[in-house]
Amino acid sequence: MFFYSLKNQKSRISFQEAVLTSLATDGTLFFPEKIPLLNYNFIENIYQHDIYTIAMQVIKQFVGKDISYNALYEMIIKTFHFDIPLKMIHDNIYVLELFHGPTLAFKDIGARFMSECLNYFYKVKKCGFLTVLVATSGDTGGAVAKGFDQIDGTEVIILYPYKGISKLQQQQINTLGNNIFSVEIQGNFDDCQNIVKKAFLDRDIKKIYNLTSANSINIARWIPQIVYYFLAYKQIININKNIIISIPSGNFGNMFSGMIAEKMGLPIKYFIASTNINDTIPRFLQSGKYHPFLSKQTISNAMDISNPSNFARIWHLYKKDINKLKNKLIAYPFTDKDTLSIINLVWKKYQYILDPHGAIGYLGLKEYLQKNKNTKHTSESYIFLETAHPVKFVDKMPVILQKNIMYLKQKFFKKNIQKKNTISLPKDFNIFKNWLITRTN
Ligand SMILES: *Cc1c(COP(=O)(O)O)cnc(C)c1O
C-alpha cells in the first residue's frame, strides 16, 4: 500500500519508505491512501481464526508487497507471542489486557513489529544502518529498548525526562547496553520531544545519521495495534453490535488504531478518549478550540502529553469535521485523585488491580454510563484497554495495593544492575546535538 503526507495528498510513498523515514519531508505524518475493508464473513466468524491469521489479515493490507508473505508471517509470530486476554470485570464491562509482553505495556507490540520491519529492510532489502531516535514519557522507551535489543542494522537513542518516569521504566531503558543508548534530559517530556523534532530537521545531524523515529508517528507502531481491537471482538461473550471502547490516551496512537479498525469493519459504536488532566482533546470536543497547555505531571505519566501527535491523523480521518468526529468520539478527563480512588474501589469490589492508566480507561466507561443512564445498556458491551501492568507503577499505587503487587516486583525488578550507555544532559538542543555529533568520533 501507499501512504501520502497529510500536507500533500497527491504524494505517494511505499510502506517501506514510510517506516524508514517516519515523517514526510514536509514535516507532516503519513496516512494510508485508502482504508481496506475486511471481508464481512471474516469478521462475523472471527472466533474461528487464531491470533496470527487475524493479525495477518489486518497487517498485510497495509504492507502490500514490501515484505514477502512468509517473512511477514514470521514477524507476526514474533510480535504477537503473548496473550491478549479480554476479561469481564462486571456487568458487561470488559478489560482488554495489553500488558503481557516483555516490558509489560501495550507498546511492546508496535515496538517489536517496527524493529522486525527495520531488520528485514536491512537484511533483505539491503537498506543502510539506521539510528532510531525516540522521546519517551516512560513506556515507549522500555518497549523500544527491548524490541530493538541487538537487532542488526539498528541502534536506538532514547531521550527521557529525568523526573518523569518510574524506577522500573528507568531500569528497562538504562541497563541493556549493546545497541541501546539513553539520554536523561533535565526537563519534561515535551522538552525531549522538541529535541527529537529538531534533530530530525538538522542538516549537520543528517549528514552523519540516517534517522528514524520509533514514536507512534511511525506507521509501523500503530498498524499492528489495529489487530487487538479485532482480538477483543473475538473474545466478547455475547457479541452484539454496540461496542463502546474506552482508551486511556496520551499521543492518541492507540485511539487512531482503534478508529482504523472500525473503518475496516469492526462494529464499534463509540470511542471514549479518557485522559488525565492533560485534557487538550476533551476541551477541543467541548469548545472546538485546539489549545494545548504545557503538559503537567500526573501518576498516569505515559499520558502526560498535551499536544498529541496522532490527533492530526484522527482529524484527517474525520475530514476536519468536528460534528462527524463527535458522532464517534467522546472524551473525558480525570484527576489523580479520581484515579487513585477508582483503583481502590475496583480492588475492593471486584478484586481487580488497575494500573493508573487502565484506571482512567475504566473511569471513562463509568462516566459514559452515568451520563447515559436512560439508554438500554443490555444491548451494549463495554471495553477498556489496560495499557500497562500495575507493577510498573507500583510506587504510584495506593499503599494497600502496593503490598499485593510487591511480590511481583521481585520478578520484574532486578537488583543492582549496572547502567550502561547512558548520559544526562540539560534540555538544550545544541548541547544534545554536540553530543550526538561527537559521539561517533
Ligand atoms: C503510551 C501509553 C498510553 C498512551 O497511548 P497513546 O497511544 O500514546 O495514546 C497509555 N497508557 C500507557 C501505559 C502507555 O504506555
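Counting convention: from 1, in listed order, for ligands and their atoms alike. Nothing fancy with the numbering, it's 1 onward along the sequence. Keep in mind that this is a model prediction, so the values were computed, not measured.
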Residues in the immediate environment of ligand 1 (any heavy atom closer than 4.0 angstrom):
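The answer is Phe106, Lys107, Asp139, Pro248, Ser249, Gly250, Asn251, Phe252, Gly253, Asn254, Ala302, Met303, His357, Thr387, Ala388, counting any residue whose heavy atom sits under 4.0 Å from ligand 1.
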Decide yes or no for Thr280 and Pro292: does some side-chain heavy atom of the first lie under 4.5 Å from some side-chain heavy atom of the second?
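The answer is yes, as the side chains (C-beta and beyond) meet within the 4.5 Å cut-off.
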If you define the side chain from C-beta out and look only at heavy atoms, does anything of Leu363 sit under 4.5 Å from Tyr332?
no
Give a yes or no on whether a salt bridge exists between Arg283 and Asp279, defined as a side-chain N under 4.0 angstrom from a carboxylate O.
yes
Could you tell me whether Lys396 and Asp355 have a side-chain N and a carboxylate O separated by less than 4.0 Å?
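Looking at Asp355 together with Lys396, the answer is no, because their closest N to O distance does not fall below 4.0 Å.
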Has Lys263 got its NZ or CZ under 6.0 Å from the middle of the six-membered ring of Tyr318, at an angle within 45 degrees of the ring axis?
yes
Donor-acceptor contact present, side-chain Asn218 to main-chain Ser213, <3.5 Å:
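Flag set: sc Asn218 to bb Ser213 pair under 3.5 Å.
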